[in-house]
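All values derive from a computational prediction rather than experimental measurement. Residue numbering restarts at 1 for every chain, and letters A, B, ... go by the order of the sequence lines.
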Amino acid sequence: MLGSILVTHGPLGRRAGRVVEVEAYVGPHDLACHASRGRTPRTEVLFGPPGRAYVYLCYGMHELFNVVTDPEGHAAAVLVRALEPVEALPPGTRLDGPARLTRALGIDRSHNRLPLDGPSLFLHAGAAVPESRVARGPRIGVDYAGAWAAAPLRLWVRDSPHVSRAPSPRRARRPADAA
DNA sequence: CTATTGATGGTC
DNA sequence: ACCATCAATAGG
């Protein structure tokens, strides 16, 4: 998916970006994958056919965009984490972060389950990124997932200035008043 | 530059 | 209770 072009069309007009950073969520056995907690109303789309959008609300205020990737019955998806602008966007628009890019392209939960070859959401195959320019490392924000947190399932275009910056490590949450 | 915190609501 | 995050702030 790196190098492909995501195009949206909606109230904001036409918006587009080139995918430069993604994370793979590889199936129910992947403890960071939402499908690992079973088939629920939210995760239902993951079990359906590939090539559709999985959009969900994160932290109560951010819409995150994924592409369902695997054949029907095997729940896996790829989270898009950063785009490189490919069309004129309002000044100051940032596409380096999974919630920033959905906000900038006007993607929200109304796009959940939509095929990615439609009028409001389209994913074009772009020029392939050579493997020599692809870097990989641990996924971000999934430390709860045990060994799966360390798996090198985040991939990005090595020299792209549009890749998101890893957050500073969040201090261990304040221990609940343990009794 | 790094580190920390509050905002905010759906899910199960 | 637990989050696949961001923006703003404080401090070096």
Side-chain angles (χ1 to χ4, degrees), chain A residues 1-2 4 6 12 15 17 19-48 50 52-70 74-85 89-114 116 121 123 135-157 161-179:
Chain A
M1 275 183 51
L2 290 175
S4 56
L6 179 62
L12 299 177
R15 300 273 170 106
V19 178
V20 294
E21 180 186 356
V22 296
E23 281 176 3
Y25 291 83
V26 297
H29 57 296
D30 172 1
L31 295 183
C33 182
H34 289 171
S36 68
R37 260 97 62 195
R39 193 165 180 153
T40 67
R42 183 178 63 152
T43 62
E44 175 71 23
V45 61
L46 293 173
F47 293 81
R52 300 217 234 202
Y54 167 46
V55 184
Y56 75 98
L57 183 70
C58 187
Y59 295 111
M61 56 191 102
H62 302 302
E63 317 271 348
L64 269 53
F65 170 75
N66 301 250
V67 176
V68 178
T69 53
D70 284 21
H74 189 263
V78 166
L79 169 70
V80 178
R81 287 194 58 90
L83 302 174
E84 169 188 336
L89 291 164
T93 303
R94 298 178 58 181
L95 303 178
D96 57 324
R100 291 198 187 105
L101 72 90
T102 55
R103 196 181 45 178
L105 297 208
I107 297 172
D108 60 34
R109 281 163 290 168
S110 72
H111 299 275
N112 192 36
R113 301 167 180 260
L114 285 186
L116 296 175
L121 226 42
L123 189 65
R136 56 193 298 168
R139 293 174 293 185
I140 291 174
V142 296
D143 289 348
Y144 63 88
W148 282 98
L153 292 174
R154 170 176 174 243
L155 293 94
W156 65 95
V157 177
H162 304 285
V163 168
S164 70
R165 298 268 301 187
S168 40
R170 187 183 275 255
R171 204 186 84 197
R173 302 218 172 150
R174 184 176 74 145
D177 302 6

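Side-chain atoms of A/Arg15 and A/Pro90, non-hydrogen and from C-beta on, do get closer than 4.5 Å to each other. Using a 4.5 Å cut-off on side-chain heavy atoms (C-beta onward), A/Val22 and A/Leu2 make contact.
Of the residues in residues 32-40 of chain A, those lying under 4.0 Å from DNA chain C by heavy-atom distance are A/Ala32, A/His34.
Look at A/Tyr56 and you won't find any side-chain N or O under 4.0 angstrom from OP1 or OP2 of C/dC3. Remark: A/Arg94 is not in phosphate contact with C/dT5, judged by side-chain N or O atoms under 4.0 Å from OP1 or OP2.
Residue A/Leu57 places its side chain closer to B/dG9 than to any other of C/dT5, B/dG9, B/dC12.
Legend: residues meeting side chain to side chain contact (heavy atoms under 4.5 Å, CB included) with A/Tyr144, ordered by chain and number and at least two apart, are A/Ala32, A/Arg37, A/Val142.
One atom, NE2 of A/His62, and another, P of C/dA4, lie 12 Å apart when rounded to the nearest Å. Computed from coordinates, the A/Leu31 CG to C/dC2 P distance equals 16 Å when rounded to whole Å. Remark: P of B/dT8 and CE of A/Met61 are 6 Å apart, rounded to the nearest angstrom.
Between A/His29 and A/Trp148, the ring-plane angle classifies as perpendicular under the 30° and 60° cut-offs.
Using a 4.0 Å cut-off between charged side-chain N and carboxylate O, A/Arg103 and A/Glu63 make no salt bridge.
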Could you run down the sub-3.5 Å N/O contacts of the protein with nucleotides 8-12 of chain C?
none

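Here the two rings, on A/Tyr56 and A/His34, have centers that are under 6.0 Å apart.
Along DNA chain C, the nucleotide nearest to A/Arg100 and the one nearest to A/Tyr144 differ in position, and the one closer to the 5' end is contacted by A/Tyr144.
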